[in-house]
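Right, one structure below, let's go through it.
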Amino acid sequence: MSLLSAMSLAGLLAGAAPSVLAHSYKLGELSIGHIWAPPPAEDAEGLPVYGPFLNNGEESMTLQGASSPLAERVTFRSDEEDAEELTGGLEIAPGKPYAMAPWRPHLWVVGLKESLEEGDSLELTLDFGEAGQKTIEVEIEEGGSH
């Protein structure tokens, strides 16, 4: 990781609320930050999922997919304006932070089996292929609390 990347991540963590730090995860050399989703609208077709990753390893990692017991399926979506589903996953290059955000590729939860509202959470298993899987909690909150 470059010095600039390390300083940026340290700055983000230092200024983060304690709740943000409580919802971070590790999978080998991959740091998974606070993953969140906005409260779904009543007529929503899906639920966007956002949050940061930092690959501290030497090789790229790819988020190949995700699943949730509370959803029919989880896909990738290119951005908020484009309903096109992506294939191929999200590549997370070494030493470069990657943030799933409304304006760039992120996860898209389809067919929720229960209603969710602010303060709830959604279990999500992230699949990084040979690097493994990591089950996380997606916090349902307005604006990601940051």
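FYI, side chains are in, hydrogens and waters are out, and symmetry mates aren't considered; it's all heavy atoms of this structure. Quick caveat, the model's predicted, so the values are computed rather than measured.
One distance of note links NZ of Lys134 with CG of Leu63; it measures 14.0 Å at 0.5 Å rounding. To the nearest 0.5 Å, the span separating CG on Leu107 from CG on Leu47 amounts to 10.0 Å. Remark: Phe76 CZ to Leu90 CG distance equals 4.5 Å, nearest 0.5 Å. Of the inter-residue distances, the one linking Ile32 atom CD1 with His34 atom NE2 reads 13.5 Å to the nearest 0.5 angstrom. Rounding to the nearest 0.5 angstrom, the gap separating the CD atom in Glu59 from the CD1 atom in Ile92 is 14.0 Å. Note that NZ of Lys113 and OG of Ser68 are 8.0 Å apart. Values are rounded to the nearest 0.5 Å.
Across all their heavy atoms, Ile140 and Pro40 have their closest contact at CG2-CD, 4.4 Å. Considering all non-hydrogen atoms of both residues, Trp108 and Glu45 come closest at CZ2-C, 4.3 Å. Considering all non-hydrogen atoms of both residues, Lys96 and Leu54 come closest at C-CD1, 3.9 Å. Here the closest heavy-atom approach between residue His106 and residue Ala101 is recorded as ND1-O, 3.1 Å. Shortest non-hydrogen contact noted between Leu70 and Glu114 is CD2-OE2, 3.4 Å.
Classification of the Phe53-Tyr98 ring pair by plane angle, with boundaries at 30° and 60°, yields tilted.
Using a 4.5 Å cut-off on side-chain heavy atoms (C-beta onward), Gln64 and Glu130 make no contact. For the pair Pro48 and Arg77, the minimum side-chain heavy-atom distance is 4.5 Å or more. Using a 4.5 Å heavy-atom threshold, the side chains of Thr75 and Val109 count as separate. Contact check for Glu58 versus Pro94: no side-chain heavy atoms found under the 4.5 Å cut-off. Side-chain contact check for Ser24 versus Ser31: every heavy-atom pair is 4.5 Å or farther apart. Leu112 has its side chain out of reach of Glu72: every pair of non-hydrogen atoms, C-beta onward, lies at least 4.5 Å apart.
Annotation: cation-pi geometry not satisfied between Arg104 and Tyr50 (NZ/CZ under 6.0 angstrom from ring centroid, within 45° of ring axis).
Of the N and O atoms on the side chains of Thr62 and Glu91, not one donor lies less than 3.5 Å from an acceptor on the other residue.
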Please tabulate, for the side chains in residues 116-126, all donor-acceptor contacts under 3.5 angstrom to protein atoms that are two or more places apart in sequence or on a different chain.
unit_1 : atom_1 : unit_2 : atom_2 : d
Asp120 : OD2    : Glu117 : N      : 2.9
Ser121 : OG     : Glu137 : OE1    : 2.9
Thr125 : OG1    : Thr135 : OG1    : 2.9

